[in-house]
Amino acid sequence: MNIYNHYLKLINNCVKDNKKNLELKDLNNFKGVILENPPTNFNYDFSTNICLVLGKLNKLNSINLAKKIKKTLEENIGDFSEIEVAAPGFLNLNLSKKGAIGSILKILSNDNYGSIPENKNYNIEFVSANPTGPLHVGHCRGAVFGDVLSNLLIFNGNKVTKEYYVNDYGNQIQNFLKSVYLRIREIKYNEKFTPSENIYPGLYIIEIAKKIIKKTKLDFNDYEKSKSLLGTEAIKSSMEMIKEDLNKLGIKHDNFISERSNVEKKLVEKAIKKLTNSNYVIEGYLDPPKGEESKNWKKTKKLVFKSSLFGDDTNRALQKDDGSWTYFANDVAYHFDKVSRNYDYLIDILGADHTGYIKRITGAVSALSETKTKLYCKVCQLVKLFKKGKPFKMSKRAGDFITVSDLLNEVDKDSIRFMMLNRSNDVEIDFDFDKVLEKTKENPVFYVQYCYARICSLFRTLKIDLNELVQLDQENFNLNLYEKKILRKIYEWPKVINISSQKLEPHRIPFYLYDLSTLFHAYWSKGNENEELKFISNGKVKNKNTLVIIKLISIVVKNGMNILGVSLPEKM
RNA sequence: GCGCCCUUAGCUCAGUUGGAUAGAGCAUCGGUUUUCUAAACCGAGGGUCGUAGGUUCGAAUCCUUCAGGGCGCGCCA
């Protein structure tokens, strides 16, 4: 239920019906006409630019047109109590008692107020961290982002498959397995472990090694012979760590797709065959890489994807020199698999360092699906850690990077989730440990949670179940300024959801919830200054309608926090 | 050199898909509590929306130029 859309339609239809009287020839399907919340100091429920848009289209003076449309609306729509013409041709409108009651009842009658049913089928791939160790903070942002985006899309009635692509194939995995092997030798045979360029120094490898020693009876005297078992056990053990961390963050994927098994299923060949048939893949040569001089580059003939057709700088190799598949080739195969599973949309959540990858992979999806499936790539920028205002460095080489579990030891899940979303994904986050731990207004999570806790406390005092239906007092319906402001904010909620899901930008939700909470806290505090504005007197609510407005806040806050996956304590 | 992202108050950032007098938080200064939870509220100051053009009734938002910052630019994943 979107109140703006409801009244916009009503207004548009009314104008259409009175087209002749209004001397309008061209309506252009009301393109660009909007109804929205006016700037706060105007004290109107809605404002519309209809006269500006139609005036321009029909070469009429906007103010004169506005005066006429005002009259027409007053004669035909009973829901407005007041319509103001404002320069340069805006119409500001206030809902009548009947109109306001109608909107409130509509909101109350809808369990998922704000939801805009789309009924599409999405696949969203996120995290997909290499199974070579635990998650670090960098993964955390994409993880939360993907999860919340999924929640948002589900809230809008879509089917969403949350997927993790397990990169259990390729050189990084080989390095990882070698590292585990060396650690096993260290423990079992007291061999000195010396980190080198391709060997992972991280101490977590020791834990994995211990686990594998305990679990198997192999002697680990020959790397080649141990490799297959190492492969399954070490990767399994990594994935367990990763899943545990995700679980602590409240994230659960539906599918884990293995790169290795895609390769073994010959999916790569199938995908490439399709692309070859449609002439997107050719056998050819690539130019040497730009940027830095590379030492080992050789010009060899190989299979190449024509990603330059899709705006990429250059075509991309599908094979390495030795003829084996590149990471990209395997990823093309994976996306071919996704395309063939018939989703309406694919979404990939990427880290900032993968920006350059977008054109080739969206190109591949476009080619593989014959432009039927659209892939959206969303990039999350870096998270910079701060402690007591100072940057908190982590070095991957030394293996002392900060893991998600380190983070979770200090900061609770709710704060992490909220903070990771309290920025646009295009902007770097300064994540300050100390600020997140604060229980003040400076920490937005607590501020919103506190708002809900206060509402719960209010209902507790009144001995009314927050989940019960609260009746409006229609006879004495009269909202004060605070309530009107809150109600106007409540009207905005479906719009926030709409834009967030259309632009795949969930960060709008925490900002909105914060604003809504501010209005509530302000209203609440008025009771301290003025006894009249207290909600309760002698254990009973003074005005049922106030209670309904507060109930509306609780509905929206609850829906919003559910999407964010942040808990809402009833008492704080 | 090329591609993507960013540039809005002293600091960190929003900005409703082109609308009215550009908004929050922090910081600074000043005020509010025998409470329906002060973990809160109220007030004040603070802006050439990076630059220069263009599009139009109207631009922080769209187009172009330039400047500054970040990320990326193997057949690594």
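The figures that follow rest on heavy atoms only: side chains count, while hydrogens, waters and symmetry mates do not. Residue numbers start from 1 in every chain, and the chains themselves are labelled A, B, ... in the order their sequence lines are given, proteins ahead of strands.
Judged by distance alone with a 3.5 Å cut-off, no donor-acceptor contact links the side chain of A:D353 to the base of B:G72. The base of B:C75 is paired with the side chain of A:T300 by a donor and an acceptor separated by under 3.5 Å. The base of B:C75 sits within donor-acceptor range of the side chain of A:K302, with an N or O pair under 3.5 Å. You won't find any donor-acceptor pair under 3.5 Å spanning the side chain of A:N49 and the base of B:A20, going by distance alone. Not a single donor-acceptor contact under 3.5 angstrom links the side-chain atoms of A:S424 to the base of B:A14.
For the residue pair A:S324 / A:D322, a side-chain donor-acceptor distance below 3.5 Å is found, with atom types taken as modelled.
The nearest whole Å value for the distance from the CG atom in A:N37 to the C1' atom in B:G23 is 14 Å. Taking atom CG of A:N61 as the reference point, atom P of B:C57 lies 13 Å away to the nearest angstrom.
Under the Watson-Crick or G-U wobble criterion, with both distances below 3.5 Å, B:A67 is paired with B:U7. Remark: B:U33 base-pairs with no nucleotide in the shown strands. Criterion, Watson-Crick or G-U wobble with two distances under 3.5 Å. Pairing for B:G72 goes to B:C2, judged as Watson-Crick or G-U wobble with the two contacts each under 3.5 Å. Nucleotide B:A44 forms a pair with B:U28, judged by Watson-Crick or G-U wobble geometry with both contacts under 3.5 Å.
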Item to check | side chain to side chain contact (heavy atoms under 4.5 Å, CB included) assessment of A:N167 paired with A:Y327 | outcome: CA-CA 9 Å; A:N167 301 128; A:Y327 171 81; 3.5 Å; yes
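Taking every side-chain heavy atom of A:R423 into account, B:U12 is the closest of B:U12, B:C57, B:A24. Looking at the side chain of A:K359, the nearest of the listed nucleotides B:G3, B:A14, B:A39 is B:G3. With distances taken from any side-chain atom of A:Q172 to the nucleotides B:C6, B:C76, B:A40, the minimum falls on B:C76. Candidate nucleotides B:A24, B:A77, B:A39 were compared by shortest atom distance to the side chain of A:Y450, and B:A39 ranks first. Listed nucleotides: B:G58, B:C36, B:U16. Nearest to the side chain of A:T461: B:C36. Taking only side-chain atoms of A:P38, from C-beta outward, the nucleotide of B:G19, B:A20, B:C13 with the closest atom is B:A20. Side-chain proximity of A:N171 to the nucleotides B:A14, B:U17, B:C76 is greatest for B:C76. The side chain of A:A352 has B:C71 as its nearest neighbour among B:C71, B:A20, B:G3. Residue A:H521 has its side chain nearest to B:C41 when only B:G19, B:C41, B:A14 are considered. Checking B:U17, B:C41, B:A77 against every side-chain atom of A:I34, the shortest atom distance belongs to B:U17.
Syn is the conformation of B:G74, whose glycosidic angle sits no further than 90° from 0.
Looking at heavy-atom distances under 4.0 Å, A:F511 makes contact with sugar-phosphate atoms alone, never a base. Counting any heavy atom pair closer than 4.0 Å across all strands shown, A:Y169 reaches sugar-phosphate atoms only and no base atom.
A:R454 has no side-chain polar atom (N or O) that falls below the 4.0 Å cut-off from OP1 or OP2 of B:A39. Under 4.0 angstrom from either OP1 or OP2 of B:G15 there lies at least one side-chain N or O belonging to A:H507. In this model, the phosphate group of B:C41 is approached by a side-chain N or O of A:Y447 to a distance below 4.0 Å at OP1 or OP2.
A residue-by-residue look at A:G311 and A:E529 shows that A:G311 has its nearest nucleotide of RNA chain B further toward the 5' end. Projected onto RNA chain B by closest heavy-atom contact, A:N130 and A:W524 fall at different nucleotides, the more 5' of which corresponds to A:W524.
No close placement of the A:F256 and A:Y165 rings is indicated, their centers lying 6.0 Å or farther apart. Residues A:Y164 and A:F126 keep their aromatic ring centres 6.0 Å or farther apart.
Between A:E125 and A:K338 there is a salt bridge, since at least one side-chain N of the basic residue sits less than 4.0 Å from a carboxylate O of the acidic one. A salt bridge links A:R508 with A:E505; the closest basic N to acidic carboxylate O contact falls under 4.0 Å. Classification of A:K306 and A:D312 as a salt-bridged pair fails, no side-chain N sitting under 4.0 Å from a carboxylate O.
The gap from the P atom of B:C62 to that of B:G10 amounts to 24 Å, rounded to the nearest Å. Rounded to the nearest Å, the gap between the C1' atom of B:A9 and that of B:A22 is 11 Å.
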